[in-house]
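Throughout, a chain's letter reflects where its sequence line sits, starting with A, and its residues are numbered from 1.
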Amino acid sequence: MYTLSTCSHCKATKKFLRDCEIRYDFVDVDLLEGAKREAIIEEVKKLNERCSFPTIIIGERVIVGFKEDEIRKALGL
Amino acid sequence: MDRKQLYEMLKKTQEPKGYYFNRNKERVLELLDALITNKERYGYMSCPCRLGAGDREKDKDIICPCEYRAADVKEYGSCYCNLYVSQEWNEGKILHEYVPERRPPGKAGF
């Protein structure tokens, strides 16, 4: 998932996944610089035009925001 | 300025306008720390829940309190970050829905 280090919803999502013992990969986009940052922003925009956070990918699904019910459903929890 | 000073200062200025801190104080303090981080990083308190461009002019609509707070608190009882909320939201009189991003996609300066 794509996150911001400062974002409360991103922190809540990470905590939720940890509590559910779900392994996840994340990148804090606000901490990136230069070409890497630009490349990642383009990746996020392809998934979510608004480039808002967290943008979460679970299998084929893209969930924007900490929507616990949708995340649970996508994970089969 | 530390988180406690910021908390007191904002509480004093925002509550009379009808914008209350989320009753979850831990969450509020975490967000105030994030605002302080952004102040150090960009020179202004850019919204912690949005990606800033690092340019005050481009980010002016998302400097906290952002331009979207009034409409979000009116419609959802809470700002995008859940930092500022209405009294009704804090009292649980309205559903705590996820507040969708109101900032138009073209506004993001990156």
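A chain of hydrophobic side-chain contacts below 4.5 Å, direct or via other Ile, Leu, Val, Met, Phe, Trp or Tyr residues, connects B:Met9 to B:Val28. Both A:Phe26 and A:Phe16 are members of a single hydrophobic cluster when ILVMFWY side chains are connected at heavy-atom separations under 4.5 Å. No path of Ile, Leu, Val, Met, Phe, Trp and Tyr side chains, each step under 4.5 Å between heavy atoms, connects A:Val64 with B:Ile62, placing them in separate hydrophobic clusters. Under the 4.5 Å side-chain heavy-atom criterion for grouping Ile, Leu, Val, Met, Phe, Trp and Tyr, B:Val99 is not connected to B:Ile94 through any hydrophobic cluster. Linking ILVMFWY residues whenever their side-chain heavy atoms come closer than 4.5 Å, directly or via other members, leaves B:Tyr19 and B:Tyr76 in distinct clusters.
Here B:Glu30 contributes atom CD and A:Lys11 contributes atom NZ; the two are 4.0 Å apart, rounded to the nearest 0.5 Å. In this structure, the separation between CG on A:Asn48 and CD on B:Glu101 is 9.5 Å, given to the nearest 0.5 Å. For the atom pair A:Arg50 CZ and B:Lys107 NZ, the distance stands at 12.5 Å (nearest 0.5 Å).
Closest approach of B:Cys81 and A:Ser8 over heavy atoms only: O-OG, 3.2 Å. Taking every heavy atom of both residues into account, B:Tyr80 and A:Phe53 meet most closely at OH-O, 3.9 Å. A pairwise comparison of heavy atoms in B:Arg41 and A:Asp30 identifies NH1-OD2, 2.9 Å as the closest pair. For the pair A:Thr6 and B:Leu31, the tightest heavy-atom approach, listed with the atom from each and the gap, is O-CD2, 4.5 Å.
In this structure, chain A has a heavy atom under 4.5 Å from the side chain of B:Asn38, while its backbone stays farther away. Of the atoms belonging to B:Arg27, it is side-chain heavy atoms, and not backbone ones, that fall under 4.5 Å from chain A. Heavy-atom distances place the backbone of B:Pro104, and not its side chain, under 4.5 Å from chain A. For A:Ser5, the part lying under 4.5 angstrom from a heavy atom of chain B is the side chain only.
Residue A:Asp25 qualifies as open at atom CG: its count of foreign heavy atoms under 6.0 Å is 12 or below. Summarising the local packing, CD of B:Gln5 is surrounded by more than 12 heavy atoms from other residues, nucleotides or ligands at distances under 6.0 Å.
With hydrogens and angles disregarded, no donor-acceptor distance shorter than 3.5 Å links the side chain of A:His9 to the backbone of B:Tyr98. Here the side chain of B:Arg103 pairs no donor or acceptor atom with the backbone of A:Ser52 at under 3.5 angstrom.
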Inset, instruction - Begin from the C-alpha positions of A:Val44 and B:Leu51 and carry the test side chain to side chain contact (heavy atoms under 4.5 Å, CB included) through to its verdict. - result: CA-CA 12 Å; A:Val44 181; B:Leu51 185 60; over 6 Å; no
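Side chains of B:Pro48 and A:Cys7 form no contact here, defined as non-hydrogen atoms less than 4.5 Å apart.
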